[in-house]
Amino acid sequence: MYADIDSWMFELPLNLKYRYPLTMTRHLVGSLGYSSLLYSKQVFEYGYQVENNPSVSLTTDFHSNELRFYPGLLNISLGISNQLKNRKILETNIYYQHNLGELGQEGIKPGFLGVKGVYWFSIR
């Protein structure tokens with residue numbers, strides 16, 4: 001038995017960021033915020049093997065095109081920001097997103113942990 005779920009969603013983050021200067025060119029960066037999630041489409045595909053004949057499998061799918069907001073995620077990040085010699089800024093963060101409720105048609109409760117890199121530059 002297997003299940004494959006594809007979700008089309010938009011994350012709408014709202015975060016407050018604080019920069020604490022360590023030196024003139026280096027800052028400790030922390031942020032706290034909230035992200036709401038808008039699901040626009042989900043596709044579920046399930047597969048089953050027949051008990052009496054393992055070479056035969058049944059596959060079924062379900063499509064949901066319901067546009068729906070879900071409770072969202074609590075965002076927390078901590079990182080460091082360095083100003084480079086060319087006056088651009090390279091920022092690296094470790095972030096965690098904690099779920100605030102069930103998401104999607106399947107009702108999952110995800111948590112995300114990752115690393116994010118940002119290159120800041122001015123547009124003239």
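All heavy atoms count here, side chains included; hydrogens, waters and symmetry mates do not.
Listed by chain and residue number, nothing satisfies the side-chain contact (heavy atoms from CB on, under 4.5 Å) test with Lys85 (two or more places apart in sequence, or in another chain). In this structure Glu11 satisfies the side chain to side chain donor-acceptor pair (under 3.5 Å) test together with Ser35, Gln97, sequence neighbours excluded. With sequence neighbours excluded, the residues forming a side chain to side chain donor-acceptor pair (under 3.5 Å) with Tyr96 are His98, listed by chain and number. Annotation: side-chain contact (heavy atoms from CB on, under 4.5 Å) contacts of Leu22 (sequence neighbours excluded): Tyr20, Arg26, Leu28, Ile80. Remark: Gln49 pairs with Ser57 by the side-chain contact (heavy atoms from CB on, under 4.5 Å) rule, at least two apart or across chains. Under the side-chain contact (heavy atoms from CB on, under 4.5 Å) criterion, Leu67 pairs with Leu38, Ser40, sequence neighbours left out. The ring-ring contact (aromatic ring centres under 6.0 Å, His included) check on Phe10 picks up nothing, with sequence neighbours excluded. Under the side chain to side chain donor-acceptor pair (under 3.5 Å) criterion, Gln105 pairs with Ser64, Glu66, not counting sequence neighbours. Applying the side chain to side chain donor-acceptor pair (under 3.5 Å) rule to Thr25 yields no partners; only residues at least two apart in sequence or on another chain are considered.
Other residues, nucleotides and ligands place no more than 12 heavy atoms under 6.0 Å from the CD1 atom of Ile94.
Annotation: the span from Asp4 atom CG to Tyr46 atom OH amounts to 10.0 Å, rounded to 0.5 Å.
Other residues sharing a hydrophobic cluster with Leu14 under the 4.5 Å side-chain heavy-atom criterion for ILVMFWY residues do not exist; the residue is a singleton.
Proximity of Val43 to Trp8: side-chain heavy atoms (C-beta onward) are separated by under 4.5 Å at one or more points.
Here the closest heavy-atom approach between residue Ile89 and residue Ser81 is recorded as CG2-OG, 3.1 Å. Here the closest heavy-atom approach between residue Ser36 and residue Phe69 is recorded as OG-CE2, 4.0 Å. Taking both residues in full, the closest heavy atoms of Leu103 and Gly72 are given as CD2-N, 4.1 Å, listed atom of the first, atom of the second, then distance. Smallest separation of non-hydrogen atoms from Ile5 and Ser7: CG2-OG, 3.9 Å. Of all the heavy atoms in Ser31 and Lys17, the pair that sits closest is CB-CA, 4.0 Å.
The side chain to side chain donor-acceptor pair (under 3.5 Å) pairs that include a residue from residues 111-120 are Glu91-Trp120, where partners are two or more places apart or lie in different chains.
At least one donor-acceptor pair closer than 3.5 Å links the side chain of Asn86 to the backbone N or O of Lys88.
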